[in-house]
Amino acid sequence: MEYRKIINVAVIAHVDAGKSTLVDAFLNQSHVFSDHEEIVDCVMDSNDLERERGITIYAKNCSINYKDYKINIVDTPGHADFSSEVERIIKTVDTVILLVDSSEGPMPQTRFVLKKSLEANLRPILLINKIDKKDQRANEVIDEVYDLFLDLKANDDQLDFPILYGIAKQGIVRYNPGDGNNDINPLFETIVSHVEAYPNKMEEPLVMQVSALSYDDYIGRMGVGRIYSGVMKANASVSICNNEGKKQTKKIANLYNYQGLKRTSVTEAQAGDIVMFSGIEDIGIGDTIGVVNEYNPLPSIAIEEPTLSMNFMVNTSPFQGKSGKYVTSRNIKDRLARELETNVGLKVEDTETTDTFKVSGRGELHLSVLLENMRREGYEVAVSKPQVIMKKIDGKLCEPVEEVICSVPNEYSGTIINSLNLRKGQMIDLEDEGSYTKVIYHVTTRGLLGYRSEFINSTKGEGVMVRKFIQYEPFVGEIPERLNGALISMASGKAMTYSIWNLQDRGQMFISPGMDIYEGMIVGVSSKDQDIEVNPTINKHMTAVRSTGADEAMKLVPPRVFSLEEALEFINDDELVEITPDAIRVRKRYLTNIDRRRHMREINKQAKIEE
């Protein structure tokens, strides 16, 4: 086959800096779409969940043609929970476009992905995005980026990065903010002038490394990665070396590369290209593929260890099976096994009981995305409170610690500082930014469980909080859990307006009139620090006695409706989140009062034995 100039580019940035919007502009202005094709925003965010949340969860590829170049573009996640995706993708690209918001500047995740890029010896291109903002401060942001590069020990070549200015939403990139062009061509030109095309290594033996996995219901498991040398062919026998050094010979069935957004079947692909292939069932991340007995395996790819775990259980509530199609332990086990085919940051372990599975991931968002996808597919599952994964390092018990950056209005800064101190956080920095205060803390992951909703309430929704895992540090001791108790239903039936109206004084309600409830379900949060059993199913008794005036109108406060993450943050150790296709409920692990008391007696008895 003929040699083709190929450049692979990853777009890296913090959450909501405009990565997916920039990729939209790339595709629109390179005429990937036909005239009759409907063009949607954030076209790379193909998953329903990605569209709803406005974040990129899975790294995805596309390609465009510019002059005589083929440019493969990788849209990467910006959230720290999906950092393992970013880390592997960096190994397959020739440069990165570092996208930075013109007013926010570099954020924690920006630091993480940039560090990985510099370690891979890439020379980034800086794009200051959203220069049309009223509070843009592009010059200051550039200085902050230079400081970040120096802090990450960038070499002289890496420090000599080109700077561009853009409004990704309008498909505009300029060499200078005052230029008059309204297209993205300066970015295309900068890519081809700043980065050399992948060298012609087609005559060398085949070497390719798997950096990501995909799954197709019809084709099965597929490997994704870059060809480092040689030519890869469909229906060819190859040698595979896994991370343990074990070699085996297998045959590649189908071979694909990307033409625009489409996965296109090809018979062969050249060095430098990103390809996808099928036919090898047990392919894994980091596996090296080459000509039989004619290559040296590449260094294995380390996958970051999970930091958080929770138990996935069969739903045992009285409403089991009312809305879900898949409710048994076998259904849940099969679904988790399918998830492991592609989600390499996930770990699933069996427990002592057959109806419970311990699932570990990189953070609350990582696990909640899996649960949300399962819910939409028709699964019912109950999950426990997330638990931090501890480690023993040099004989000491250690736990994960995160850097938290909070930008809050000045009047709420004292509240936030007090909350993080109570959660045994350590203040690192405090900066005044006009009407806002920027607070930087190091807090254990355990201390941050359930904090996001408290933060939003404390700042009246005006604060911004960003978290990033740093390292494991010695255990800091006990951290207080939720201070308020729960309002627990002591009866099953339909919730009544009269009961809810009378219960409003006792706390904030989670239910509305006419809603089906069951014994042991948590129907509200108590205003006191202890659990209270209530009966929301009582209706007003009718009597023959008339009052002198009309009955007063029963005005109800709107109930608090949980998202999945908020429900996971809310629960304590003796509570579960019941997840079904049509509802998210919180409940006690033991539904009846008798069972809860019996369980507490057993815990107290065990504690006395240990003493």
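This one's a predicted model, so the numbers in the text were calculated from it and none came from an experiment.
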Legend entry - Interatomic spacing from CG in L336 to NZ in K358 - rounded to 0.5 Å: 14.5 Å
Inset, instruction - Search all heavy atoms of S323 against all heavy atoms of E380 and return the closest pair with its distance. - result: N-OE2, 3.5 Å
Legend entry - Which atom of L346 lies closest to which atom of E339, heavy atoms considered: CD2-CG, 3.7 Å
Inset, instruction - Kindly state whether the ring of F312 and the ring of F357 have centres lying under 6.0 angstrom apart. - result: no
Inset, instruction - For the pair Y256 and V224, evaluate side chain to side chain contact (heavy atoms under 4.5 Å, CB included) and give the outcome as yes or no after the intermediate values. - result: CA-CA 9 Å; Y256 307 90; V224 183; over 6 Å; no
Inset, instruction - Let me see the working for L371 and L568 under side chain to side chain contact (heavy atoms under 4.5 Å, CB included), right down to the final yes or no. - result: CA-CA 11 Å; L371 285 166; L568 292 172; 4.3 Å; yes
Legend entry - Partner of M313 by side chain to side chain contact (heavy atoms under 4.5 Å, CB included), out of T351, T356, V383: T356
Legend entry - Where Y590 and D595 come nearest, the two heavy atoms and their spacing: CB-CB, 3.8 Å
Legend entry - For P106 against V100, the heavy-atom pair lying closest together: N-CG1, 3.7 Å
Inset, instruction - Give a yes or no answer on whether the side chain of S278 reaches the backbone of A253 with a donor-acceptor pair at less than 3.5 Å. - result: no
Inset, instruction - Tell me, yes or no, whether the heavy-atom count around K325 atom NZ, taken from other residues, nucleotides or ligands under 6.0 Å, exceeds 12. - result: no
Legend entry - D582/K322 salt bridge by N-O under 4.0 Å criterion: no
Inset, instruction - With rounding to the nearest 0.5 Å, note down the distance linking NZ in K391 to CD in E399. - result: 13.0 Å
Legend entry - Rounded distance [0.5 Å steps], CD1 in I579 versus CG in L564: 4.5 Å
Inset, instruction - Determine, stepwise, if the pair D334 / R338 fulfils salt bridge (charged side-chain N to carboxylate O under 4.0 Å, His left out). - result: CA-CA 6 Å; D334 291 347; R338 200 163 76 243; over 6 Å; no
Legend entry - Value rounded to 0.5 Å, distance of OG in S384 from CG in N572: 12.0 Å
Inset, instruction - Could you tell me whether a side-chain N or O of E578 sits under 3.5 Å from a main-chain N or O of A382, the two making a donor and an acceptor? - result: no
Legend entry - Any R335 side-chain heavy atom under 4.5 Å of Y326 side chain: no
Inset, instruction - Starting at CD of Q504, measure out to CG of L487 and round the result to the nearest 0.5 Å. - result: 11.5 Å
Legend entry - Closest non-hydrogen atom pair, G378 against P581: CA-CG, 3.8 Å
Inset, instruction - Using a 4.5 Å cut-off on heavy atoms from C-beta on, say whether the side chain of L449 contacts that of L308. - result: yes
Inset, instruction - Examine the side chains of N315 and Q320 and answer whether a donor and an acceptor come within less than 3.5 Å of each other. - result: no
Legend entry - Flag side-chain contact, heavy atom, 4.5 Å: V586 against F562: yes
Legend entry - Non-hydrogen side-chain atoms of S360 and E349 separated by less than 4.5 Å: yes
Inset, instruction - Spell out, as yes or no, whether a donor-acceptor pair under 3.5 Å connects the side chain of D287 to the backbone of V210. - result: no
Inset, instruction - Output yes when D531 and K588 qualify as a salt bridge under the 4.0 Å nitrogen-oxygen rule, no when they do not. - result: yes
Inset, instruction - Please report the C-alpha distance between E566 and I584 in whole Å, then the side-chain angles of each, then the deciding distance to 0.1 Å, and finally whether the side chain to side chain contact (heavy atoms under 4.5 Å, CB included) criterion is met. - result: CA-CA 10 Å; E566 287 169 344; I584 294 170; over 6 Å; no
Inset, instruction - Answer yes or no: is there a side-chain heavy-atom contact under 4.5 Å between D101 and K133? - result: yes
Legend entry - Any donor-acceptor pair under 3.5 Å from S492 side chain to E519 backbone: yes
Inset, instruction - Verify the distance criterion only: is there a donor paired with an acceptor across the side chains of Q259 and T264 at less than 3.5 Å? - result: no
Legend entry - Between CG on residue L370 and CE on residue M310, distance to nearest 0.5 Å: 9.0 Å
Legend entry - N593 side chain to M490 backbone, donor-acceptor under 3.5 Å: no
Inset, instruction - Please check if the side chain of S63 supplies one atom and the backbone of Y258 the other of a donor-acceptor pair under 3.5 Å. - result: yes
Inset, instruction - Using the side chain to side chain contact (heavy atoms under 4.5 Å, CB included) rule, take C406 and Y441 through it: C-alpha gap first, then chi angles, then the decisive distance, then the call. - result: CA-CA 8 Å; C406 302; Y441 262 81; over 6 Å; no
Inset, instruction - Answer whether the closest heavy-atom distance between the side chains of F277 and I283 falls below 4.5 Å. - result: yes
Legend entry - CZ/R263: more than 12 non-hydrogen atoms of other groups inside 6.0 Å: yes
Inset, instruction - Taking only Lys NZ, Arg NE, NH1 and NH2, and the carboxylate oxygens of Asp or Glu, determine whether D573 and K385 approach each other closer than 4.0 Å. - result: no
Inset, instruction - Grab the two heavy atoms, one from A583 and one from R375, that are nearest each other, plus how far apart they are. - result: N-NH1, 3.8 Å
Legend entry - Test item: Y518 and R587 side chains (from C-beta on) under 4.5 Å apart, heavy atoms: yes
Legend entry - Side-chain heavy-atom pair T444, V401 within 4.5 angstrom cut-off: yes
Legend entry - More than 12 heavy atoms of other groups within 6.0 Å of E478 CD: no
Inset, instruction - Just jot down the salt bridge (Lys or Arg N to Asp or Glu O under 4.0 Å) partners of E533, sequence neighbours excluded, or say none. - result: R596
